[in-house]
Amino acid sequence: MPGETEAHAARAETGAAAPTPGTRRPGGRTARTRAAVRDAVLTGLTEHGYPGLTIEYVAEHSGVHKTTLYRRWGDVEGLVADALDLAGEDSWAPPDTGSLEGDLRALAREVVASFADPAVAAPGSAMIAAAFQSERAATALRAYYVERFARCETIVERAVQRGELTATTNGVADGSRGAVIDAGALARSVSAPVFFRLFITQEPVDDTLADQAAAAALAAVRAGVFTTGRAGAEPAPGAAS
């Protein structure tokens with residue numbers, strides 16, 4: 001089982017408050033076990049890739065008996081999928097710079113920064129690689145990013161409130177055209193050029209690329225590219241969901 005240092009790190013990563021001294025946070029031991037297993041899975045994926053990850057490796061590096069791993073997670077696919085689920089339980093929020101342009105630029109730069117340090121980027125890259133080899137991991141990865149992009153709806157909502165956009169998200173009309181902007185599609189358009197270079201062409205990425213991606217996304221959203229229709233209306237066939 002991990003010690004207090006690991007438990008503190010897990011709380012810091014998820015944004016959870018430390019338990020009051022003398023009390024026991026419900027599920028605390030379970031949460032620590034899950035975090036230890038997640039860390040072992042990420043380390044194993046980074047060192048050996050998905051084909052080389054085994055229950056025995058995770059048991060050895062997490063301190064959790066393999067019988068428990070089989071009982072709670074079933075197999076390696078279950079371990080990888082749960083590691084992605086746990087990664088999504090953090091307190092990350094999209095940037096709030098005071099302008100739509102600034103928010104998109106900061107968002108793109110965050111993506112670049114997350115892969116700038118090889119030590120930091122390795123676990124995320126290993127997870128993405130695992131999704132190409134496991135359908136369950138791919139499903140978990142999709143769910144992770146769907147949830148991530150859903151958090152970016154606030155970027156559009158703030159832009160509408162500031163009068164930078166004349167359409168809203170979540171089907172809530174702003175008193176003008178009542179159109180709906182697909183905030184998830186906007187967020188994807190910001191990160192897509194970065195991921196393309198990282199994982200397809202394997203080219204270097206930097207803030208210049210981030211700024212280009214943000215500028216292209218800004219021009220597109222202003223041109224109505226991500227507008228899916230009027231609030232409350234059914235999306236047109238083929239429109240992004």
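Excluded from the calculations below are hydrogen atoms, water molecules and symmetry mates; all remaining heavy atoms, backbone and side chain alike, are included.
- Residues Ala183 and Cys152 share a closest heavy-atom pair of CB-O, 4.1 Å.
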Exercise. Can you check side chain to side chain contact (heavy atoms under 4.5 Å, CB included) on Leu53 and Val58, steps first, answer last?
Worked result: CA-CA 8 Å; Leu53 182 66; Val58 176; 3.9 Å; yes
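- Residue Asp96 holds its CG atom at 7.0 Å from OG1 of Thr154, rounded to the nearest 0.5 Å.
- Contact of the Leu69 side chain with the Val37 side chain is registered, since non-hydrogen atoms from C-beta on lie closer than 4.5 Å.
- Ionic pairing of Glu153 and Arg148 is not present here: no N-O contact between side-chain nitrogen and carboxylate oxygen is shorter than 4.0 angstrom.
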Could you give the side-chain donor-acceptor pairs of residues 78-88 under 3.5 Å, partners two or more places apart or in another chain?
| residue | atom | partner | partner atom | Å |
| --- | --- | --- | --- | --- |
| Asp82 | OD1 | Arg34 | NE | 3.3 |
| Asp82 | OD1 | Arg34 | NH2 | 3.0 |
| Asp82 | OD2 | Arg34 | NE | 3.0 |
| Asp82 | OD2 | Trp73 | NE1 | 3.0 |

Check: residues 97-108 side-chain donor-acceptor pairs under 3.5 Å, at least two apart:
| residue | atom | partner | partner atom | Å |
| --- | --- | --- | --- | --- |
| Thr97 | OG1 | Ser99 | O | 3.3 |
| Thr97 | OG1 | Asp103 | N | 3.1 |
| Thr97 | OG1 | Asp103 | OD1 | 2.8 |
| Ser99 | OG | Gly102 | N | 2.9 |
| Glu101 | OE2 | Arg105 | NH2 | 2.9 |
| Asp103 | OD1 | Thr97 | N | 2.6 |
| Asp103 | OD2 | Arg158 | NH2 | 3.1 |

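- With sequence neighbours excluded, the residues satisfying salt bridge (charged side-chain N to carboxylate O under 4.0 Å, His left out) with Arg151 are Asp90, Glu147.
- Through direct or relayed side-chain contacts under 4.5 Å between Ile, Leu, Val, Met, Phe, Trp and Tyr, Val146 connects to no other residue.
- With values rounded to the nearest 0.5 angstrom, Leu218 atom CG is found 12.0 Å from Asp211 atom CG.
- Listed by first and then second residue, the salt bridge (Lys or Arg N to Asp or Glu O under 4.0 Å) pairs that reach into residues 42-55 come to none, sequence neighbours excluded.
- When all heavy atoms are compared, the tightest approach of Ser189 to Ala217 is OG-CB, 3.3 Å.
- Aromatic ring centroids of Phe149 and Tyr144 lie 6.0 Å or more apart.
- At a threshold of 4.5 Å between non-hydrogen side-chain atoms, the residues Tyr70 and Asp75 do not count as touching.
- For the side chain to side chain contact (heavy atoms under 4.5 Å, CB included) test, residues two or more places apart in sequence or in another chain that qualify with Pro123 are Leu42, Thr46.
- Phe132 pairs by the ring pair (Phe, Tyr, Trp, His ring centres under 6.0 Å) definition with nothing, not counting sequence neighbours.
- Listed for the Thr68 side chain is no donor-acceptor partner under 3.5 Å among the backbone atoms of Val64.
- The side chain to side chain contact (heavy atoms under 4.5 Å, CB included) search around Ala216 returns none, not counting sequence neighbours.
- With hydrogens and angles ignored, the 3.5 Å screen pairs no side-chain donor or acceptor of Glu164 with any backbone N or O of Val160.
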Let me check something: any side-chain donor-acceptor pairs from residues 196-206 under 3.5 Å, sequence neighbours excluded? List them with distances.
| residue | atom | partner | partner atom | Å |
| --- | --- | --- | --- | --- |
| Thr201 | OG1 | Glu203 | OE2 | 2.7 |
| Asp206 | OD1 | Thr208 | N | 3.2 |
| Asp206 | OD1 | Leu209 | N | 3.0 |

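- Taken from OG1 in Thr227 to CZ in Arg222, the straight-line distance is 13.5 Å, to the nearest 0.5 Å.
- The shortest distance between side-chain heavy atoms of Gln212 and Pro193 does not fall below 4.5 Å.
- By the side chain to side chain contact (heavy atoms under 4.5 Å, CB included) test, Ser134 pairs with Tyr50, Glu77, Arg136, Ala137, sequence neighbours left out.
- A donor-acceptor pair under 3.5 Å links the side-chain atoms of Asp182 to the main chain of Ala185, judged by distance alone.
- With sequence neighbours left out, the ring pair (Phe, Tyr, Trp, His ring centres under 6.0 Å) criterion links Tyr57 to His48, His61.
- Every residue two or more places apart in sequence or in another chain that forms a side chain to side chain contact (heavy atoms under 4.5 Å, CB included) with Ala220 is listed here: Val225, Phe226.
- In plain terms, the two heavy atoms of Ser191 and Val111 that are nearest each other are CB-CG2, 4.1 Å.
- Side-chain contact check for Glu110 versus Trp92: some heavy-atom pair is nearer than 4.5 Å.
- Here the CG-OG distance, from Leu45 to Ser125, works out to 11.0 Å after rounding to the nearest 0.5 Å.
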